[in-house]
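For the numbers below, each heavy atom of this structure counts, side chains included, while hydrogens, waters and symmetry mates do not.
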Amino acid sequence: MKLNLSMDELRIKVEEYIKKAGRATGRPVLTAYYVMTADSTPESERTNIMLALVAIVFPTGIEDLLGQILLVGKGAAAVYAYKKVRKYITPQIKDKVEAKLDEWFRDNATEVEPLYLE
């Protein structure tokens, strides 16, 4: 698997994932993507969020052997990423997320209540 993805390649991967996973599952992923690409998100925060997401997704060696430590480590990284992303969600990002989800899921565009990382 290629680890050095451009933002366009990352966008394509995110789109493929969301189209398979569905609208409700895709909302937080797309929200995180838009926060990461927003000019309003400071570069240092993008780096922190990306490192936390990488810690969640990729195995880390010795921690794989120690399942309980791994779980705690990934859980802490998930909470950290969640809090950082939530801090930078703007009304414009929410609108972009909903517009993109409506475009991808036209036949299933209605929901009771959209859930954001709030």
Side-chain angles (χ1 to χ4, degrees):
M1 182 169 109
K2 183 179 174 186
L3 295 179
N4 194 12
L5 297 175
S6 71
M7 287 311 283
D8 285 336
E9 292 170 318
L10 180 60
R11 182 193 49 78
I12 290 167
K13 294 284 186 195
V14 167
E15 181 178 347
E16 290 170 356
Y17 170 78
I18 291 172
K19 286 181 176 179
K20 288 178 186 175
R23 186 181 183 98
T25 303
R27 183 173 287 107
V29 174
L30 194 55
T31 301
Y33 172 79
Y34 281 129
V35 166
M36 292 291 295
T37 58
D39 291 336
S40 59
T41 304
E43 188 65 36
S44 62
E45 293 290 56
R46 288 183 203 165
T47 301
N48 291 337
I49 293 167
M50 184 59 72
L51 289 173
L53 294 175
V54 167
I56 295 165
V57 174
F58 294 104
T60 57
I62 191 68
E63 287 184 345
D64 287 337
L65 300 175
L66 306 169
Q68 198 164 18
I69 293 173
L70 176 66
L71 184 60
V72 170
K74 288 187 183 292
V79 168
Y80 179 82
Y82 165 79
K83 287 181 178 180
K84 288 292 184 179
V85 168
R86 187 178 76 181
K87 181 178 176 182
Y88 293 100
I89 297 172
T90 64
Q92 294 80 12
I93 288 175
K94 287 182 180 182
D95 290 345
K96 285 172 74 172
V97 167
E98 291 307 314
K100 187 55 75 175
L101 291 172
D102 287 347
E103 176 186 328
W104 289 343
F105 299 100
R106 286 187 189 146
D107 296 338
N108 189 17
T110 59
E111 280 188 38
V112 176
E113 177 182 339
L115 299 175
Y116 287 91
L117 301 173
E118 298 182 64

State yes or no: do [X] and [Y] share one hydrophobic cluster built from I, L, V, M, F, W and Y residues joined by side-chain heavy-atom distances below 4.5 Å, directly or via other members?
{"X": "Y17", "Y": "V85", "result": "yes"}
{"X": "L51", "Y": "Y82", "result": "no"}
{"X": "Y34", "Y": "W104", "result": "yes"}
{"X": "M50", "Y": "Y33", "result": "yes"}

Closest non-hydrogen atom pair, [X] against [Y]:
{"X": "I93", "Y": "A38", "answer": "CD1-CB, 4.1 Å"}
{"X": "P28", "Y": "T25", "answer": "CD-O, 3.3 Å"}
{"X": "A81", "Y": "L53", "answer": "CB-CD2, 3.9 Å"}

Original post:
side-chain hydrogen bond (donor to acceptor under 3.5 Å, both in side chains): which pairs involve residues 36-45, sequence neighbours left out?
Top reply: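 For residues 36-45: E43-R46, E45-N48, E45-K84, E45-Y88.
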
Calculate, to the nearest 0.5 Å, the distance between atoms [atom1] and [atom2] belonging to [X] and [Y] respectively.
{"X": "K96", "Y": "T90", "atom1": "NZ", "atom2": "OG1", "answer": "8.0 Å"}
{"X": "L101", "Y": "L30", "atom1": "CG", "atom2": "CG", "answer": "5.5 Å"}
{"X": "E98", "Y": "R23", "atom1": "CD", "atom2": "CZ", "answer": "5.5 Å"}

Original post:
Salt-bridged, E15 to R11, with N to O below 4.0 Å?
Top reply: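 Yes.
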
